[in-house]
Each structure stands twice: as structure tokens, then as C-alpha cells.
Amino acid sequence: QVQLVESGGGSAQAGGSLKLSCAASGNGSSRCRMGWYRQAPGKEHELVSIFSSDGTTYADSVKGRFTISQSDTKNMVYLQMNSLRTEDTAVYFCRADCPLPGPYMETRLYWGQGTQVTVSS
């Protein structure tokens with residue numbers, strides 16, 4: 001089992017910055033591929049940024065403004081959010097895509113509880 005705990009959400013003015021953190025713990029958490037998703041009121045769950053097999057992936061709407069990073073031990077993942085916009089208002093979720101033991105290259109997804117980000121104009 002992998003546990004994820006987000007922190008760092010809150011309120012900001014448009015143009016401001018916030019930094020989200022996600023602490024991962026549990027068996028095998030350092031082998032998980034981490035990422036951030038968000039869900040705004042009345043909207044679908046959407047990808048914000050993830051570590052992918054060839055580096056990092058960002059949603060077009062956050063490119064150049066948000067930066068994902070990870071600690072050397074890979075038990076912490078961060079999302080630095082700059083130049084915030086009102087449309088960035090959402091609940092942000094940390095996600096871990098973790099390999100399962102065995103020969104089939106299966107993975108299991110874990111989610112944090114979410115942290116609210118509110119951007120006002």
C-alpha cells in the first residue's frame with residue numbers, strides 16, 4: 001500500500017504563486033511514477049503534470065507556468081504554480097502509479113485526498 005498526503009493548497013491572487021507538496025509513503029513508493037491532477041467544480045478530472053517515461057508531461061493550460069519536481073529519494077513530489085489564473089481554481093490531487101510485483105508489468109493507482117487551490121482576481 002502507498003499513502004499520499006498533499007499539502008500547500010490555499011488561496012492566491014491571480015498572478016501569484018503557490019507550491020503544492022505530496023508526501024508518499026509505503027511499500028515501494030519510491031518506484032511509483034508520480035503526478036498531479038485537478039478537478040474544478042463542474043468539470044472533469046484532468047491531468048496537470050506527471051513524470052512520464054521520457055521526462056515530464058504538462059497540460060497545455062499550465063505549460064510555462066507550473067513545474068513538477070521530485071526529491072532525490074522520490075518520496076516527495078512538488079508542483080510549483082506560478083502566474084496563477086482564476087481558471088486554476090480546483091482541488092489538486094497527487095497520484096502515484098505504482099508497479100505491482102510479477103511478470104505482467106501491471107500497475108496500481110493511488111490517490112491523495114486532494115488539496116484546494118483557489119485563485120481570485
Side-chain angles (χ1 to χ4, degrees):
Q1 282 280 17
V2 172
Q3 295 79 42
L4 303 172
V5 179
E6 301 103 332
S7 60
S11 299
Q13 295 279 336
S17 298
L18 285 171
K19 185 174 183 178
L20 305 183
S21 300
C22 174
S25 61
N27 189 28
S29 59
S30 64
R31 297 192 297 273
C32 302
R33 189 166 292 167
M34 306 297 292
W36 290 95
Y37 285 70
R38 69 186 180 186
Q39 187 165 24
K43 293 192 175 181
E44 297 284 324
H45 211 219
E46 65 171 348
L47 178 149
V48 177
S49 180
I50 59 170
F51 286 100
S52 54
S53 58
D54 54 352
T56 54
T57 299
Y58 292 91
D60 288 343
S61 59
V62 307
K63 280 181 183 176
R65 301 187 299 121
F66 290 12
T67 304
I68 192 170
S69 62
Q70 199 165 24
S71 64
D72 289 344
T73 56
K74 297 190 177 180
N75 66 328
M76 294 293 297
V77 63
Y78 307 97
L79 186 68
Q80 178 66 48
M81 305 185 294
N82 298 328
S83 302
L84 284 163
R85 304 169 181 168
T86 55
E87 54 264 37
D88 294 320
T89 295
V91 178
Y92 285 70
F93 297 90
C94 179
R95 190 192 85 165
D97 188 1
C98 305
L100 293 173
Y104 303 110
M105 301 183 69
E106 294 172 302
T107 63
R108 181 175 180 180
L109 295 180
Y110 296 89
W111 294 89
Q113 81 286 356
T115 185
Q116 176 70 46
V117 170
T118 302
V119 184
S120 57
S121 58

What are the two closest heavy atoms between [X] and [Y], and how far apart are they?
X	Y	answer
Ala24	Ser29	O-OG, 4.0 Å
Arg65	Leu84	NH1-CA, 3.9 Å
Ala96	Met34	CB-SD, 3.5 Å
Ala90	Arg38	CB-CB, 3.9 Å
Ala59	Leu47	CB-O, 3.3 Å
Tyr58	Phe66	CE2-O, 3.2 Å

ILVMFWY network linking [X] to [Y], side-chain heavy atoms under 4.5 angstrom:
X	Y	value
Val2	Tyr37	no
Trp111	Trp36	no
Leu20	Ile50	no

Any pair with a residue in residues 69-79 that passes side-chain hydrogen bond (donor to acceptor under 3.5 Å, both in side chains), sequence neighbours left out, goes on the list, sorted by first then second residue, please.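 For residues 69-79: Ser71-Thr73, Ser71-Asn75, Thr73-Asn75.
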Determine which pairs satisfy side-chain hydrogen bond (donor to acceptor under 3.5 Å, both in side chains) with at least one residue from residues 10-19, sequence neighbours left out, and list them in order.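 Sorted pair list: Ser17-Asn82.
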May I ask you to test the Arg95-Cys22 pair for a side-chain heavy-atom distance under 4.5 Å?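 No; the side chains remain at least 4.5 Å from each other.
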Should Asp60 and Lys63 count as an ion pair when the cut-off is N to O under 4.0 Å?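 Answer for the salt bridge query: yes.
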How long is the gap from [atom1] on [X] to [atom2] on [Y], to the nearest 0.5 Å?
X	Y	atom1	atom2	result
Asp97	Leu109	CG	CG	5.0 Å
Thr115	Leu18	OG1	CG	9.0 Å
Arg33	Ser52	CZ	OG	7.0 Å

Evaluate Met81 against Asp88 for side-chain contact (heavy atoms from CB on, under 4.5 Å), listing each step before the verdict. CA-CA 9 Å; Met81 305 185 294; Asp88 294 320; over 6 Å; no
Does the Glu6 side chain pair with the main chain of Gln113, one donor and one acceptor, at a distance under 3.5 Å?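 Yes, the answer is positive, given that a donor and an acceptor are paired below the 3.5 Å cut-off.
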Determine, stepwise, if the pair Phe93 / Leu4 fulfils side-chain contact (heavy atoms from CB on, under 4.5 Å). CA-CA 9 Å; Phe93 297 90; Leu4 303 172; over 6 Å; no
